[in-house]
Amino acid sequence: MNFDADKNIVVGITGASGSIYSKSIIQRLLSLKSCGETISISVVISKNGLDVLRYEIGDEFLENPDLKIYDNNDFYAPFASGSAAPFAMVIAPCSMGTLGRIANGTSDNLISRSADVVLKERKKLILLIRETPLNLIHIENMRKITLAGGIVMPASPSFYMKPQNIEQLVEGISSRIIDLLGFNQNITRWGDF
């Protein structure tokens, strides 16, 4: 994988519920790649993330040759270093434990280390949080991430597009993330209906 030629997007998957979001984001990124975007897609899954993913939706969608899968303890992954910082990182779903480790600079696994690299190199970090209700510790950690340059995005779907099923609700969120990454996409937007 050539990190200089491609925009490397890292997708982190943690143990929070909401694996359907990571699947939708990865599928959208793969679609962009197949349409000619020069991106590479790296995926890092925590142990709990893999357990939850398999329970909620299955992991067959990860069996794609265009995905590079990294173990969450692999600190030799290129994007664990600022010299090979990724173009952007999305953690979806992002558990409150992962958010807390990132907010407080605890790089004890590849997901938190990569997020730390993204922040220190002033790249784009998007955390799709999946928790409700929130306590003050969660809110303070979100504040820290925001002040450090990260984007905290609650998995709060909109309803003005009149979604007909769960997949359409999820697509609304994953479309917003693709927008935040800076990629053009042909989607219905507010005012198009």
Side-chain angles (χ1 to χ4, degrees), residues 9-29 41-59 61-62 69-73 79-80 86 88-120 123-161 163 165-181:
I9 310 292
V10 176
V11 178
I13 304 172
T14 72
S17 180
S19 304
I20 193 169
Y21 290 111
S22 55
K23 179 180 180 181
S24 179
I25 293 161
I26 289 168
Q27 288 175 330
R28 284 183 173 278
L29 290 170
I41 307 158
S42 300
V43 180
V44 185
I45 310 172
S46 70
K47 181 192 177 311
N48 289 341
L50 185 58
D51 290 344
V52 172
L53 183 134
R54 285 178 174 157
Y55 176 77
E56 289 183 345
I57 60 171
D59 62 355
F61 73 97
L62 295 174
I69 310 295
Y70 289 88
D71 184 272
N72 198 27
N73 294 311
F79 47 86
M89 181 175 189
V90 177
I91 302 178
C94 182
S95 68
M96 289 297 107
T98 299
L99 177 103
R101 284 188 291 282
I102 296 165
N104 291 285
T106 305
S107 300
D108 61 347
N109 58 44
L110 184 56
I111 292 173
S112 57
R113 171 59 186 163
S114 302
D116 186 36
V117 166
V118 168
L119 288 175
K120 81 181 187 72
K123 304 291 185 173
K124 191 166 283 188
L125 175 66
I126 303 168
L127 307 180
L128 184 68
I129 59 166
R130 254 284 310 117
E131 186 67 73
T132 190
L134 300 170
N135 67 40
L136 184 57
I137 296 168
H138 301 150
I139 294 166
E140 287 295 331
N141 285 335
M142 285 187 262
R143 178 181 174 275
K144 286 181 181 180
I145 294 290
T146 302
L147 290 173
I151 298 171
V152 178
M153 182 176 172
S156 302
S158 59
F159 294 89
Y160 56 80
M161 299 298 211
N165 53 48
I166 290 172
E167 288 75 18
Q168 289 178 352
L169 282 171
V170 169
E171 286 171 9
I173 296 293
S174 61
S175 293
R176 293 292 308 276
I177 289 173
I178 299 301
D179 277 349
L180 287 169
L181 291 171

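Excluded from the calculations below are hydrogen atoms, water molecules and symmetry mates; all remaining heavy atoms, backbone and side chain alike, are included.
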Task: Student check: side-chain heavy atoms of S46 and I13 closer than 4.5 Å - done: no
Open item on the list: Within the structure provided, determine whether L50 and N72 are in side-chain contact (heavy-atom separation under 4.5 Å).
Closed with: no
Task: Distance (rounded to the nearest 0.5 Å) between I45 CD1 and D59 CG - done: 7.5 Å
TODO: Compare all side-chain heavy atoms of N141 with those of N104 and state whether any distance is below 4.5 angstrom.
DONE: yes
- [ ] Count the heavy atoms of every other residue, nucleotide or ligand shown that sit under 6.0 Å from NZ of K47, and state whether that count exceeds 12.
- [x] no
Open item on the list: To check you understand the geometry: which heavy-atom pair defines the closest contact between S174 and I25, and what is its length?
Closed with: CB-CG1, 3.7 Å
TODO: Side-chain contact test, heavy atoms from C-beta onward, threshold under 4.5 Å: evaluate it for V44 versus F79 and give yes or no.
DONE: yes
Task: Closest approach of S17 to P93 (non-hydrogen atoms, all atoms of both residues) - done: O-CB, 3.6 Å
TODO: Identify the residue among V152, V117, I102 that makes a side-chain contact (heavy atoms from CB on, under 4.5 Å) with L125.
DONE: I102
Open item on the list: Within the structure provided, determine whether I129 and P154 are in side-chain contact (heavy-atom separation under 4.5 Å).
Closed with: yes
TODO: Could you tell me which non-hydrogen atom of M96 sits nearest to which non-hydrogen atom of L134, and how far apart they are?
DONE: SD-CD2, 4.4 Å
TODO: Indicate the atoms forming the closest heavy-atom contact of F61 with K23, along with that distance.
DONE: CE1-CA, 3.5 Å
- [ ] Answer yes or no: does atom CD1 of I137 have more than 12 heavy-atom neighbours from other residues, nucleotides or ligands under 6.0 Å?
- [x] no
- [ ] Look up atom CG in N109 and atom CG in N73, then write down how far apart they are to the nearest 0.5 Å.
- [x] 7.0 Å
Open item on the list: Check whether E56 reaches the backbone of G18 with its side chain - one donor and one acceptor, N or O, closer than 3.5 Å.
Closed with: yes
Open item on the list: Test your reading of the model: is there a side-chain donor-acceptor pair from T14 to the backbone of S95, 3.5 Å cut-off?
Closed with: yes
Task: Non-hydrogen side-chain atoms of D116 and R113 separated by less than 4.5 Å - done: yes
Task: Closest non-hydrogen atom pair, L181 against A88 - done: CD2-CB, 3.5 Å
- [ ] First locate atom CD of E140, then atom CG of N135, and finally report the distance between them rounded to the nearest 0.5 Å.
- [x] 10.5 Å
Task: Which atom of L53 lies closest to which atom of S19, heavy atoms considered - done: CA-OG, 3.2 Å
Task: Salt-bridge contact D179-R176 (side-chain N to carboxylate O under 4.0 Å) - done: no
- [ ] Taking the side chain as every heavy atom from C-beta outward, state whether I111 and M89 have any atom pair closer than 4.5 Å.
- [x] yes
- [ ] Decide yes or no for V10 and V118: does some side-chain heavy atom of the first lie under 4.5 Å from some side-chain heavy atom of the second?
- [x] no
TODO: Measure the CG-OG distance between L99 and S112 for me, rounded to the nearest 0.5 Å.
DONE: 11.5 Å
Open item on the list: Counting only heavy atoms not in L147 (residues, nucleotides, ligands), do more than 12 fall under 6.0 Å from its CG?
Closed with: yes
Task: Interatomic spacing from CD1 in I173 to OG in S158 - rounded to 0.5 Å - done: 6.5 Å
TODO: Starting at CD of E171, measure out to CE of M161 and round the result to the nearest 0.5 Å.
DONE: 11.0 Å
